[in-house]
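Read the structure below first, then the notes.
Numbering starts at 1 and runs along the sequence shown. Every number for a ligand or one of its atoms is a count from 1 in the order of the listing.
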Amino acid sequence: MNHSYHLADRLSNLKPSPTLKLASRAREMKANGIDVRDFTGGEPDFDTPEPIKDAAIAALKSGFTKYTAVGGIPELKSAIIEKFERDQGIVYKPSEIVVSSGAKHSLFQIFQALVNPGDHVLLPTPAWVSYPDQILLNGGVVIGVPCLPSDGFRLRPQALLEAITPRSRVLVLNSPNNPSGAIIPKEDLLRIAEIVKKHNLIVISDEIYEKIVFDGQETSSIASLVPEIRDRTVIVNGVSKTYAMTGWRIGYAAGPAPIIEAVETIQSQTASNPTSIAQKAAVVAIRSGEIYFKPMLAEYTRRRAMLLESLNAIDGIRMSPPDGAFYAFPDVSGLLGKRFGDMEIRTVTDLSEFFLAEARVALVPGSAFGSDHHMRMSFATSPENLEEGVRRLKEACALLT
Ligand SMILES: *Cc1c(COP(=O)(O)O)cnc(C)c1O
């Protein structure tokens, strides 16, 4: 690095999102004419439903192209408030809602508002790649709370209790979880709520995969289960995953007014407001409930079943059925320690390199999420792509000795 640029110290521990980095390598290979099958993506392959697009077009044509209220247009806040009441039975006021440029942006600003340098943030692991870096960027210290494969990666209250330190301020929950798909059962959430109260924690509950659940399972928000916890929780959600709207950049947070107000102040000095016409589109998306979403869920369900069968037919790979989200997170430890010619596959990173080079298949090594025995394969992609991807993986695995 050229030190004459004087980059700030806070960058020293920061790394680019490993999933986005792998995706860009896959894109580069594709640009060079190599037929790569990319399963790194955390975004739906479906197009945004037409009526949602139409709302943005109408907003654009009518000249709705100026700054809006910092925390979101009243119409969108109303739609969000209706959604919380309808789906989760939680009642919020407009002063308890803030709309941002994606849930990732919401999360960053919440960490900004809550974390002092040196504060400990409890992060159940495996965890989505952006949490640790967002926490670090805000001076926080990540305290991993191990979630074990033998528990289906569900956060156990006892594990949380054992991880708590005197400096613990914030607990991050992500159920259904990216990458494992795990849903925290209601009875565990109730016990977690007791721990949160006792240790005076604030919960950030990332519920972006709230609706992507399988086998009729239910998700509950900790904020809806225990009334006192509602005022210790900031729920984060957005339209990206449920409505196939990743590029629109609309996410939102709901929680106690003082925290939401702090987030809004930060946003007023950094982003001003989320995109005007995307907010209009989000109103239609959120008000649609599950009309557009239902067929997408049916499709995810079929793909999940297909992967369960085909991945488990590969020697060395063991996939458990995810409760929710759209990722397979198979255990690949049966392949570690094997050799490809002179090369020894020692780690999941080695394995991901091997798959990219030999199978032309891009998967994210579990180490990116804090798990050294798993790989993440997104099934938010076409069945044809999944079939071909699995076929190549099987062929490549057969080359290992
Ligand atoms: C995709 C994802 C997000 C970010 O969603 P955006 O609204 O597109 O920023 C947040 N949390 C998790 C766990 C995700 O997988």
Could I get the full list of salt bridge (charged side-chain N to carboxylate O under 4.0 Å, His left out) partners for R391, not counting sequence neighbours?
-> E388, E395

Nearest-0.5 Å distance, CG of residue L201 to CG of residue L114 | 11.5 Å

List in chain and number order the residues that pass side chain to side chain contact (heavy atoms under 4.5 Å, CB included) with P330, two or more places apart in sequence or in another chain; answer none if no residue qualifies.
-> L311, I317, M319, A328

Got a sec, which pairs hit ring-ring contact (aromatic ring centres under 6.0 Å, His included) with one end in residues 21-71, sequence neighbours left out?
-> F46-Y300

Under 4.0 Å from ligand 1, residues with heavy atoms, in chain and number order, are G102, A103, K104, W128, Y131, N174, N178, D206, I208, Y209, S240, K241, R249

Is the distance between the ring centroids of F153 and H374 less than 6.0 Å?
-> yes

Can the ring centres of F326 and F379 be said to be less than 6.0 Å apart?
-> no

